[in-house]
Structure formats: C-alpha cells, structure tokens
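Computation of the quantities below employed the complete heavy-atom set of this structure, encompassing side-chain atoms and omitting hydrogens, waters and symmetry-equivalent molecules.
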Amino acid sequence: MQNFKWIEDLYINFGGKIEELSIALLIFLGFLLFRGIFIKYIFKKLLNFIDKTDTELNKKILRALEKPLKIFFLILGIYASLSYLPLTAAQDVLITKIFRSAIVILIAMFFYNFEGDELFLAFQNKFKLNIDKILVPFFSKILRFVTIVLAVSIVAQEWGYDVNGFIAGLGLGGLAFALAAKDTVANIFGGIVVITDKPFSIGDWIKTPSVEGTVEDITFRSIKVRTFEDAVVSVPNATLVNEPIVNWSRMGKRRITFKLGVEYGTSKDKLNKCISEIKNMLENHPEIHKQTIFVRFDSFGESSLDIFLYFFTNTTVWSEYLRVKEDVNFKIMSILENEEVNVAFPSRSIYVETPAASLVDSAPEQNS
C-alpha cells in the first residue's frame, strides 16, 4: 500500500476542489484536440507534400516521426494537466521523472524506426554513395541495438540506477559469458568476415556445400538464403565462412560443353565441313562469347565419331542461358541435316563366325 500513498496525498491536497480537476481535465482534452488537428491536417498535409517530391530521406524522417509524435502529444497533455494540480514536491519529482523517461523512450523510438534498411538506401540516393547491399541490414541492426542500449542507460540513470556498476559487473563476468556464448561470438565474427571479404551481396545467387539459393538477409548470427524450392535456410556465419562459396551472380559468362556423336559412316570431308560450319556459326552468334570457342573432332567413341564442343554464353541468367543453348542446338541440327549427317545413337554390332544356315543344315545330322 506504500506505493499508492501518493494517490491518497493527491486526494487530500485536492480537498474536494472540483475546479482544479475540471481545469486539469480541460487542459488534457485541449491537448488531445490539438493532437488530432495537428496529425489529421498539418502533419498529413506535410506528408502528402513530401510524398510528391523525390526526397526519400525526408519521407523516411517524417514516417519515423509520425508514431512518436502522436504519443508525445498524449504524454505532454497528461504532464501539463497534472502539473496544474496542487502536487507535493515528491509527486512533482515523480511525474517529472516519468515524463523525462517517456521523452527519452520516444526519441529512441524515432531513431529505431529511422535506422532501418531504408535509411541507408535514402542516404545512398541523396548523397550518391555506393553502399554494398550486404552492409545495409548488418549496420542497421547495429545502430538499432546501440539506440536501445543508450535509451535503457539514460532511463536507468534518470531513476537513480548505477549504470557504471552494471558495466563493471559485466567485466567481472565477461570470461564466463564468453565461454557460454562462444558460438554466438564466432557467428558475429563470421558475419564481419563476410562483410569485409564481400563474397556475395543481398540478392546474389550462391552455392555452398550447405545450401544453394538467393541471399535474402545477413544477421549477427546467420545468413538467410531462399532456395529454389522457396524455402528459407539459415546458415550460421561461422559455418559459412569455412565453406567454399560459389557466387553464380558474379559470373561474366556461362559455359556450355558437350560431345556430339555422329555415325561412323560419315565421310572425312563431311565431318570436317560440319565442324567448320558449327564453329563458324558459334563465332557469328550474337549471344556467344567470342573469346573461347572450341569445336574439334575429339575421339572415336564406341558407337560414334565424337565432336567436342566448348564455348560460353554472354548471359549468366539461367532462363536466358537455356534459351541460347536451345537456339545453338537447333542451328547444329540444321547444319547436320544440310550435310546429310546423322546423329549416332548407342548401338553394338554382333558378328557370328559360323553362318546360321550351316547350323540349320547340320542340325538333322546331329539329331540322327
């Protein structure tokens, strides 16, 4: 009951003074009315005006400010109405502490909302900065974490708590904490390694022994990758930095290689002409990389004469790569048809030393 003694004191101080209560209530309602008018008309007009411009940074600031501003008018109305009442010194100090703590929390809320991924993108667009996509979520989370820690520290100091003693206590228990959280610390340092080395960025298609897919996010603990089955896989940073990473999105070209087998009955001249025309077609194809093209008579296969093809597409996009590969295959088919050369299929010839007719003629003699 000791905690509610200030309420009893408040009632005693009023002494049944309805006039003071009524004025305090009118002050609170006045702030509520002003809050509604400001948010509905002034703030909305300003927000609509900013939305029509190209200043993304200003839009981000206003949107982050909207919710804390609504709460601020409410808290300010409560504080102003209570300040009008005949309070004791202890009550006045308590209400002041609550008000100042609420202001700190609202400021932290504004910065927390402002320090999202869009902040970095807005700064990048406004100041023409080149910020790697993978840095955006990582530093955004760091800034938000620092904001929360600072807000909690300031509020704790406002209420008389010794923050320095708390930090010193963390130092004494640092060794035990490090041992208990060694995996977490390893993942954090793994995330730092990923950011500094930049083996991939947000949106890149990567492949590791653990996962293959598109990078969606990087956190203090893990990398989130969306697979081609549309599932999200979280790979710990400490695991990822110790694995080979193939970044398919950073390919400059994409390889196509295979062996084309033609029938053994194909003459040397026709085979040589097919090889020449296929190579010429690839060298003049607008979507084939001109630097590395190999078309050679490679080997005598079990059932075919094998032509070895090795070349690259200019595009690295999977769907475009398949389209180019299909187009090349159709053009190769046309070349073979024009030269009347058939594609070989797996076959095996069986030779019988004794003629089958001799076996039939000798069968009755053996039976007799």
Quick one: do I275 and F300 end up in the same hydrophobic cluster if we chain Ile, Leu, Val, Met, Phe, Trp and Tyr together by side-chain heavy atoms under 4.5 Å apart? yes
Look only at the side chain of Y321 and the backbone of I256, and say whether a donor-acceptor pair between them is shorter than 3.5 Å. no
Check this for me: F228, atom CZ, are more than 12 non-hydrogen atoms of other residues, nucleotides or ligands nearer than 6.0 Å? yes
At what distance, to the nearest 0.5 angstrom, does CZ of F297 lie from CG of D306? 8.0 Å
How long is the straight-line distance from CG of L240 back to OG of S234, given to the nearest 0.5 Å? 11.5 Å
Can you establish whether the number of heavy atoms outside K207 located under 6.0 Å from its atom NZ is more than 12? no
Please answer: with hydrophobic residues joined when any side-chain heavy atoms are less than 4.5 Å apart, are V317 and V215 in the same cluster? no
Between F311 and T257, is a side chain to side chain contact (heavy atoms under 4.5 Å, CB included) present by the stated rule, with each step listed? CA-CA 6 Å; F311 54 97; T257 181; over 6 Å; no
Find out whether V295 and L282 are in side-chain contact, i.e. whether some heavy atom of one side chain is under 4.5 Å from a heavy atom of the other. yes
H289 and R254: CA distance, side-chain angles, deciding distance, side chain to side chain contact (heavy atoms under 4.5 Å, CB included) verdict: CA-CA 9 Å; H289 198 275; R254 197 177 188 95; over 6 Å; no
Donor-acceptor check, side chain of N242 to backbone of A238, threshold 3.5 angstrom: yes or no? yes
Indicate yes or no: at least one non-hydrogen side-chain atom of I75 is less than 4.5 angstrom from one of I98. no
For the residue pair Y264 and G301, what are the closest heavy atoms and their distance? OH-O, 2.6 Å
Going by an N to O cut-off under 4.0 Å, is there a salt bridge joining E320 and R323? yes
D204 (side chain) donor-acceptor with F200 (main chain) under 3.5 angstrom: no
Is the shortest heavy-atom distance from the side chain of V246 to the side chain of T208 under 4.5 Å? no
Tell me whether N314 contacts the main-chain N or O of P286 through its side chain, where contact means a donor paired with an acceptor under 3.5 Å. yes
Heavy-atom closest pair, residues C274 and V341: SG-CG2, 3.7 Å
So which atom in P209 and which in P244 form the shortest heavy-atom distance, rounded to 0.1 Å? CD-O, 3.5 Å
Would you check if K70 and L74 make a side-chain contact, meaning some heavy-atom pair closer than 4.5 Å? no
Check T316, L322, T315 against W318 for a side-chain contact (heavy atoms from CB on, under 4.5 Å) and give me the one that passes. L322
From I288 CD1 over to D327 CG, what is the distance, rounded to the nearest 0.5 angstrom? 8.5 Å
What do the steps show when you test K259 against D298 for side chain to side chain contact (heavy atoms under 4.5 Å, CB included), and what is the final call? CA-CA 8 Å; K259 285 187 177 182; D298 182 60; 3.0 Å; yes
Between S153 (side chain only) and V149 (backbone N and O only), is there a donor and an acceptor less than 3.5 Å apart? yes
Just wondering, do D217 and I223 contact through their side chains at under 4.5 Å, heavy atoms? no
Following the transitive rule for hydrophobic clusters with a side-chain heavy-atom cut-off under 4.5 Å over Ile, Leu, Val, Met, Phe, Trp and Tyr, establish whether I307 and F330 coincide in one cluster. no
Looking at CD of E277 and CG of N272, how far apart are the two atoms once the value is rounded to the nearest 0.5 Å? 10.5 Å
Look at atom NZ of K273 and say whether more than 12 heavy atoms of other residues, nucleotides or ligands are closer to it than 6.0 Å. no
H285 backbone acceptor or donor facing K290 side chain under 3.5 Å: yes
Taking the six-membered ring for Trp, are Y310 and F312 parallel (under 30°), tilted (30 to 60°) or perpendicular (over 60°)? perpendicular
For atom CZ of F294, is the number of surrounding heavy atoms from other residues, nucleotides or ligands below 6.0 Å larger than 12? no
Could you state whether F308 and V328 fall into the same hydrophobic cluster, counting links through intermediate Ile, Leu, Val, Met, Phe, Trp or Tyr residues with side-chain heavy atoms under 4.5 angstrom apart? no
Stepwise, does the side-chain hydrogen bond (donor to acceptor under 3.5 Å, both in side chains) test hold for D269 with S267? CA-CA 5 Å; D269 292 337; S267 66; 5.5 Å; no
CZ of F110 to OG1 of T147, rounded to nearest 0.5 Å, is 10.5 Å
Take a 6.0 Å sphere around CZ of R226 and say whether it holds more than 12 heavy atoms from other residues, nucleotides or ligands. yes
Going by heavy atoms in the side chains, are I293 and L309 under 4.5 Å from each other? no
With heavy-atom distances below 4.5 Å as the criterion, would you say the side chains of N329 and K325 are in contact? yes
Hey, are the side chains of I332 and M281 touching, using non-hydrogen atoms and a 4.5 Å cut-off? yes
Would you kindly confirm whether V324 and M333 end up in one hydrophobic cluster when ILVMFWY residues are joined by side chain heavy atoms under 4.5 Å apart? no
Going by atom types alone, do S304 and E263 pair a side-chain donor with an acceptor below 3.5 Å? no
Using modelled atom types and a 3.5 Å cut-off, is there a donor and acceptor pairing between side-chain atoms of N280 and backbone atoms of S276? no
Can you tell me if T239 uses its side chain to pair, donor with acceptor, with the backbone of V235 under 3.5 Å? no
One pair to check against side chain to side chain contact (heavy atoms under 4.5 Å, CB included): I278 and L260. What are the steps and the verdict? CA-CA 11 Å; I278 291 173; L260 175 64; 4.2 Å; yes
How long is the gap from CD1 on I105 to CZ on R100, to the nearest 0.5 Å? 13.5 Å
Is a salt bridge present between E339 and K270, judged by a nitrogen-to-oxygen distance below 4.0 Å? no
